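Heads up: the structure comes next, in structure tokens.
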Amino acid sequence: MFRELVESSQDAILIKRVDGEITFWNAAAERLFGYSPAEAVGRHVGMLVPPGLKEEEDCLLERIARGEWIEHYETQRVTCAGKVLDIDVSLWPIRNRDGSVTSACSLMRDITDCKRAEAELAALHAQQRHISLALHLMGASKQIPGARAASRYLPSTQGQGVGGDWLDLIDLGAGRVGIFVGDVMGRGLDAAVVMGQLRSAARALALAGLPPWELMRALDAFTHDLPEQFVTCVYLEADPVLGEAMVCSAGHLPVLLIEPDASVHQLPVPTGLPLGVGGLPHEQVRIPLRAGATLALYTDGLVETAHSDMDHRLDLLAGTLGEVFTTVGDLEEAADRVLHTLLPDSAVYADDVTLLLVDFPAAPLQTAQTELPSQAFSVPAGRRFLRGHLYAWGLAALADTALLLASELLTNGVQHGQGPLGLRVWRSSRELGVEISDRSMPRPRARLAAGTEESGRGLILVSSLADAWGTRPTTTGKTVWFTLLTEAAPHEPACRTRGADKEAGETPAPV
């Protein structure tokens with residue numbers, strides 16, 4: 001009865017002495033390896049072992065002789081036709097009456113197809129991981145003027161790996177910086193593709209000058225048409241010139257602010273609903289941003305674990321940032337120390353980990369502003385105001401270009417805007433910025449004027465001569481700005497004769 005049971009088994013079963021001689025060979029072994037019982041019994045089991053695994057078989061026989069049980073050992077064996085098979089083998093010792101091991105029973109199963117399928121699946125995952133990582137690298141943030149940044153992205157080591165985390169730094173011009181961190185629910189190529197679409201859309205909307213709340217509204221509508229509809233993100237528009245930031249969150253974890261004295265606190269930003277949920281508008285808040293402050297943005301992979309309370313992990317992150325910035329001045333080192341503390345096991349990540357540290361090392365070197373009525377005489381008055389500060393700051397070499405462009409924008413403000421006009425000028429170590437604000441909503445656009453038109457060429461001139469220019473909405477209207485690089489401008493002494501800033505034909509304005 002026992003022999004019939006063994007012969008009917010679908011798994012290959014053979015018995016071999018501890019010296020390797022085969023003493024039993026069932027029908028499944030014949031089907032698997034191609035040897036009949038007459039051909040196999042009495043021969044050494046080494047006939048089934050590929051040349052490179054001879055020592056492995058000797059080791060297995062030695063372990064059996066010591067009485068060990070070996071279960072589900074994966075190796076390779078060769079058929080009579082020379083075909084190499086992937087095999088799952090289990091071995092156990094056979095003892096005689098006195099308890100000594102005389103033989104071993106070996107049960108073998110062909111797992112070649114399973115191993116091939118595993119290899120194909122692993123290759124597919126590796127390909128998807130490569131594509132997903134490429135999508136992340138396509139949007140890797142670069143250092144931009146006016147801010148320093150250190151970022152870390154660690155893809156998950158489990159499942160399909162790379163997910164939908166993203167971060168972005170955007171040069172908005174005029175010293176302003178757009179900062180994004182987001183997380184698409186899910187993992188793998190699908191989540192990474194959705195992430196890429198959202199990141200591109202968010203960047204385009206930010207560069208178009210949309211304020212954070214309006215940008216979130218547009219992204220929310222955009223997300224409804226995407227396959228992965230649960231997305232959290234936070235967007236900050238930092239303006240170091242004004243010393244403030246506008247922030248809006250769509251269900252994302254709180255942003256942490258590290259003050260220059262290394263104190264850490266969460267920004268008081270309403271969490272809002274994730275993108276794709278809809279129903280309620282996202283609220284925007286304005287926060288002060290002092291020179292030397294650092295912002296910490298991250299995704300849940302940094303602070304969320306299966307066995308820890310989220311509030312406790314957020315407190316740990318805040319405490320770690322406070323300790324790090326008390327002793328470390330380098331953002332790259334600070335980012336590494338945060339990861340080491342929050343994720344001490346650097347080899348295993350259950351979820352994507354994203355961390356972005358951004359600081360604003362210095363306020364503008366100088367800044368000045370004035371208010372002008374929406375009258376024609378405000379154009380020369382604005383020029384005098386600008387010229388006086390350019391000479392006082394040693395930037396006389398930029399005066400001709402700056403005054404020409406400012407005249408065009410002031411004239412547009414007088415003709416098409418609603419007063420009063422705000423004129424603000426500032427300089428950093430890198431650039432000069434000039435901004436003209438008014439209380440009308442329509443934004444100006446550059447256009448090609450017809451030959452018979454007397455106007456319509458001003459913004460084309462601004463676009464041609466400025467190093468950068470743009471418009472943005474404000475709470476009361478709009479601002480049009482341009483910048484000129486100061487790095488190439490020769491420095492001039494900050495002094496002039498008393499009447500040097502008075503143009504012929506210009507009368508003083510009440511400023």
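Since we're looking at a predicted model, the values are computed, not measured.
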When you measure from the side chain of D220 to the backbone of G276, do you find a donor-acceptor pair of N or O atoms at a distance under 3.5 Å?
yes

Considering non-hydrogen atoms only, spot the tightest contact between V379 and L410 and give its length.
O-CD1, 3.8 Å

Atom NE2 of residue position H265 - does it have more than 12 heavy atoms of other residues, nucleotides or ligands inside 6.0 Å?
yes

Between the CG atom in D183 and the CG atom in L167, the distance rounded to the nearest 0.5 Å is 11.5 Å

Mind checking whether Q284 and P211 have side chains closer than 4.5 Å, heavy atoms only?
yes

Mind checking the CZ-OG1 spacing from R337 to T320? Nearest 0.5 Å is all I need.
9.0 Å

Check: T474 side chain, G477 main-chain N or O, donor-acceptor pair, under 3.5 Å
yes

Would you say L198 and V231 make side-chain contact, with heavy atoms under 4.5 Å?
yes

Would you say the side chain of V269 lies within less than 4.5 Å of the side chain of P254, judging by non-hydrogen atoms?
no

Shortest non-hydrogen contact from L356 to S151?
CD1-CB, 3.8 Å

Considering non-hydrogen atoms only, spot the tightest contact between L219 and A201 and give its length.
CD2-CB, 4.1 Å

Candidate list V303, V181, V353, test side chain to side chain contact (heavy atoms under 4.5 Å, CB included), partner Y298, passing option:
V303

L357 and L321: CA distance, side-chain angles, deciding distance, side chain to side chain contact (heavy atoms under 4.5 Å, CB included) verdict
CA-CA 10 Å; L357 301 177; L321 287 168; 4.2 Å; yes

For T326 against A262, the heavy-atom pair lying closest together
OG1-CB, 3.5 Å

Closer than 3.5 angstrom, by distance alone: can the side chain of T486 be matched with the main-chain N or O of R430 as a donor-acceptor pair?
yes

Determine whether a donor-acceptor pair (N or O, by modelled atom type, separation under 3.5 Å) exists between the side chain of T354 and the backbone of T299.
no

Regarding E74 and K115, does a basic nitrogen lie under 4.0 Å from an acidic carboxylate oxygen?
yes

For W166 against R199, the heavy-atom pair lying closest together:
CD1-CG, 3.6 Å

Below 4.5 Å, heavy atoms only, C-beta onward: do S428 and E431 meet side chain to side chain?
yes

For E237 and E244, run side chain to side chain contact (heavy atoms under 4.5 Å, CB included): C-alpha distance rounded to whole Å, both residues' side-chain angles, the deciding distance at 0.1 Å, then the answer.
CA-CA 9 Å; E237 185 180 292; E244 65 180 26; over 6 Å; no

Decide yes or no for L242 and R424: does some side-chain heavy atom of the first lie under 4.5 Å from some side-chain heavy atom of the second?
yes

Any salt bridge between E435 and K478, counting N to O under 4.0 Å?
no

Between D438 and Q418, is the side chain to side chain contact (heavy atoms under 4.5 Å, CB included) condition met? List the steps.
CA-CA 6 Å; D438 63 51; Q418 298 177 10; 5.8 Å; no

Separation of L267 CG from L289 CG (nearest 0.5 Å):
9.0 Å

For the backbone of R217 and the side chain of H282, can you confirm whether one donor and one acceptor N or O come within less than 3.5 Å of each other?
no

Does the side chain of W481 reach to within under 4.5 Å of the side chain of R176, using non-hydrogen atoms?
yes

I need the F360 CZ to L295 CG distance, nearest 0.5 Å.
5.5 Å

Rounded to the nearest 0.5 Å, the OG1 atom of T411 sits from the NE2 atom of H416 at a distance of 9.0 Å

So, using ring-ring contact (aromatic ring centres under 6.0 Å, His included) as the criterion, who are the partners of F180 when residues are at least two apart?
Y235

What are the two closest heavy atoms between A296 and I258, and how far apart are they?
CB-CD1, 4.0 Å

Spell out, as yes or no, whether a donor-acceptor pair under 3.5 Å connects the side chain of R439 to the backbone of L421.
no

Output, in order, the C-alpha distance, side-chain angles, deciding distance and verdict of side chain to side chain contact (heavy atoms under 4.5 Å, CB included) for L253 and L297.
CA-CA 8 Å; L253 292 165; L297 299 89; over 6 Å; no

Could you check if a side-chain atom of W469 sits within less than 4.5 angstrom of a side-chain atom of L459, using non-hydrogen atoms only?
yes

Say whether, by atom type as modelled, one donor and one acceptor occur between the side chain of S378 and the main chain of S374 under 3.5 angstrom.
no

Taking D467 for the side chain and L485 for the main chain, is one N or O donor matched with an acceptor at less than 3.5 Å?
yes

Would you check if V462 and L404 make a side-chain contact, meaning some heavy-atom pair closer than 4.5 Å?
no

Is there a donor-acceptor pair closer than 3.5 Å between any side-chain N or O of R148 and the backbone N or O of D330?
no

D315 atom CG, neighbour heavy-atom count above 12 within 6.0 Å:
yes

Taking the side chain from T232 and the backbone from H252, do they hold a donor-acceptor pair closer than 3.5 Å?
no

Separation of L331 CG from D336 CG (nearest 0.5 Å)
11.0 Å

